[in-house]
Structures are given as structure tokens and as C-alpha cells.
Amino acid sequence: MQTNIINGREVAAALQQEVAREVEAIRVRDGSAPKLAVILVGEDPASQIYVRNKSRMCGKLGILQDTILLPDTATTGQVMQKVEELNRDKSVNGILVQLPLPGQIDENKVTQSIDPLKDVDGFHIANAGKLLMGIDGEFVSCTAEGIMELIRRTGYDLDGAVCAVIGRSSTVGRPVSMMLQRQNATVIMCHSHTRNLKELLRQADVVVSAVGKPDLIDGSMIKEGALIIDAGISRVGGHLAGDVDMQSCMGRAGYITPVPGGVGPMTIIMLMKNCLKAYYLQQQMQAGQ
Ligand code: NAP
């Protein structure tokens with residue numbers, strides 16, 4: 001069997017062009033542009049890189065961006081106060097608080113203080129709740145949305161497909177499982193307490209792995225022709241590795257995402273798309289619609 005490699009970089013590049021064109025059209029029409037505000041607390045090197053990447057991508061696509069730096073001694077109240085200022089600021093369309101936050105800060109309180117209409121990460125319970133209730137919401141997690149976009153682009157029919165999702169975090173596994181169910185897939189949720197992962201995976205037409213354990217899945221565990229989406233990212237000897245041993249899946253999987261270059265590039269472009277969505281939502285609010 002021929003295994004098709006899903007090129008996330010290519011898909012993300014095409015989406016970047018679409019977003020840049022739309023931002024330019026807004027600039028010409030409204031004389032303004034969507035704006036993302038990012039709060040970074042402390043000096044965690046990985047978080048600094050993520051924030052820098054988001055800022056660069058905004059610049060590339062014409063989205064305005066502000067990074068607000070707070071010291072690693074900041075309290076929950078101080079971060080929430082900043083969020084509330086940004087909630088009130090009409091020039092800001094999207095707000096993102098870079099996670100994780102230093103231990104003394106209540107991450108949940110901070111995330112839930114973001115205006116749901118500016119919640120471009122989709123972590124507010126108003127947005128997550130809509131996904132749970134099957135109501136079209138404003139925002140869903142960017143990684144989950146990126147995974148669904150990659151599946152959509154393969155043309156794979158999810159209706160009635162058995163999908164195994166490994167990992168149940170509120171940022172990746174859980175929202176993906178709900179989005180798959182909305183497409184009429186039958187979802188098997190797997191996690192660290194799951195018995196017989198191999199047996200379950202061998203029934204799955206689609207596997208989405210979001211764990212962060214290199215080589216958790218190999219070719220002997222998957223069904224012939226399965227579509228494999230690997231969201232896992234681990235650092236192994238200076239290289240990035242996914243959850244799936246890709247080599248052993250070649251010739252057995254129907255489709256597979258590489259790491260790096262699969263799900264990774266999709267997350268940031270989905271964030272940019274959410275900034276556009278936030279801009280339109282606030283335009284509608286201001287127009288009293
Ligand atoms: P997380 O919150 O740590 O969740 C990991 C999940 O994996 C948990 O549900 C855990 O089960 C499950 N798990 C752990 N060991 C397992 C095992 N042996 N078998 C089956 N399930 C197991 O992580 P996350 O934030 O969802 O991220 C998951 C991975 O995706 C990480 O590698 C992360 O770097 C990556 N990620 C990538 C992107 C991207 O842009 N590509 C974005 C976000 C995350 P329990 O619930 O039972 O503990």
C-alpha cells in the first residue's frame with residue numbers, strides 16, 4: 001500500500017496566503033487590521049520562542065500584535081487585571097495568555113477571565129461548552145482545528161469511521177474527539193489508563209495521537225490503510241519526534257503526518273484565522289448586530 005504523507009507545511013502556507021489576502025482586504029476596506037494581544041508572564045525560554053513565532057507570523061500576515069510582558073513574580077490578580085484591560089480595549093480583537101504560567105498563578109482563573117469573544121485559543125468554558133453541546137461556537141483550540149483541517153484536506157469521509165484519539169487534554173485530545181463526533185465518527189478515547197491500546201488501535205480507521213511519548217505507536221498497532229495524525233512533540237537527542245514511529249507505518253498507513261512538518265505548522269495559522277474571526281465578531285458587536 002502506498003502511504004500518503006500529509007504535508008502540514010504546505011497546507012499552512014496555502015492558508016497563510018488566504019489569511020494575508022483577507023487581512024489586506026480589511027486594511028483597504030476598513031483602514032484597520034485585526035489585532036492580537038499576547039500576555040507573556042516570566043522568562044520561560046520555550047514560551048518566549050512560541051510568543052516570538054506568533055508575533056512573527058502576525059507581522060508576516062499583516063495582523064497587528066502587542067506582546068505584554070509581566071514579571072514571573074506576577075500574581076493571579078495582576079494577570080487578570082491586564083486581561084480585563086485588554087477585554088475593554090476596543091482596538092484589541094484577540095487575547096492569548098501564553099501557557100504555562102508560573103506556579104503561583106491560577107491558570108484557570110486567568111483563562112476564564114478572557115472575554116469569550118476575544119478568546120482566540122478557545123480555552124474559555126463558553127467556547128469549550130458550545131463545542132460540548134454541539135452548538136456552533138466562536139473559537140475552538142487551534143491545534144484541534146488544525147488537525148481537523150488536515151483530515152478535511154485529505155478528502156477522508158469521517159461519517160461512520162472509527163477514530164481512536166489518544167490523549168484527553170482539554171487543549172488537544174478532548175476537543176478533537178468532539179469535533180470528530182460532530183462529523184459522525186465513532187470515537188474511542190484513549191489515555192494513560194487505557195488497557196490494550198494495540199487492540200483498540202487496530203480497529204481504528206483514523207488515529208489521532210496527542211500524548212508526547214516517542215514511538216508510542218508503531219506500524220504493527222495500526223489497521224491497514226488507516227489515517228494517522230500525530231500531534232505529539234518530544235525532543236529526542238536534539239531532534240523533534242512525534243508519538244508515532246513513522247518508518248514502521250510506511251506501506252501500511254493510508255495517510256500519515258510527519259513530525260516535524262505535520263500538525264505543528266497548523267496550530268499557528270489556525271490562531272491567525274481565529275484572529276480574523278475575532279475581528280469580524282467585534283465589528284458585528286460594534287455595529288450592534
Ligand atoms: P497532556 O495534557 O500532557 O496530555 C497527554 C495525554 O496523553 C493525557 O491525556 C494522558 O493520559 C495521555 N497519555 C500519557 N501517557 C499515555 C500512554 N502511555 N498511553 C495513552 N495515553 C497516554 O498533553 P497535551 O497538551 O495534550 O499535548 C500532547 C502532545 O501534543 C505533546 O507532545 C505536546 O507537545 C503536543 N502538542 C502539540 C501541539 C502542536 O502544535 N503540534 C500543540 C499542543 C500540544 P491521562 O489523561 O490519563 O494522564
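Indexing begins at 1, ligand by ligand and atom by atom, following the structure's order. One is the number of the first residue; the rest follow in order along the sequence. For clarity, every value in this text was computed on a predicted model and none was experimentally measured.
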Chemist: Might you list the protein residues in contact with ligand 1, defined as having a heavy atom under 4.0 Å from one of its atoms, sorted by chain and number?
Modeler: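 Residues Thr143, Ile166, Gly167, Arg168, Ser169, Thr171, Val172, His191, Ser192, His193, Ala210, Val211, Gly212, Lys213, Leu216, Ala231, Gly232, Ile233, Val263, Gly264, Thr267 each place a heavy atom under 4.0 Å from ligand 1, listed by chain and number.
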Chemist: May I ask you to test the Lys109-Met80 pair for a side-chain heavy-atom distance under 4.5 Å?
Modeler: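 They are in side-chain contact.
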Chemist: Report yes or no: does Asn7 contribute a side-chain atom to a donor-acceptor pair with the main-chain N or O of Arg9 at less than 3.5 Å?
Modeler: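 Indeed, once roles are kept as given, a pair shorter than 3.5 Å links the two residues.
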Chemist: Please name all residues satisfying side chain to side chain donor-acceptor pair (under 3.5 Å) with Thr171, sequence neighbours left out, ordered by chain then number.
Modeler: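 Partners of Thr171 by the side chain to side chain donor-acceptor pair (under 3.5 Å) criterion, ordered by chain and then number, come out as Ser169.
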Chemist: Is there a side-chain contact between Leu227 and Thr154 (heavy atoms, below 4.5 Å)?
Modeler: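 Leu227 reaches Thr154 side chain to side chain.
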Chemist: Does any non-hydrogen side-chain atom of Val38 lie less than 4.5 Å from one of Leu36?
Modeler: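 Side-chain contact under 4.5 Å: yes.
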Chemist: Just so I know, are the side chains of Pro34 and Val23 near enough to count as touching, which here means a heavy-atom distance under 4.5 Å?
Modeler: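 In short, these two side chains touch, coming nearer than 4.5 Å.
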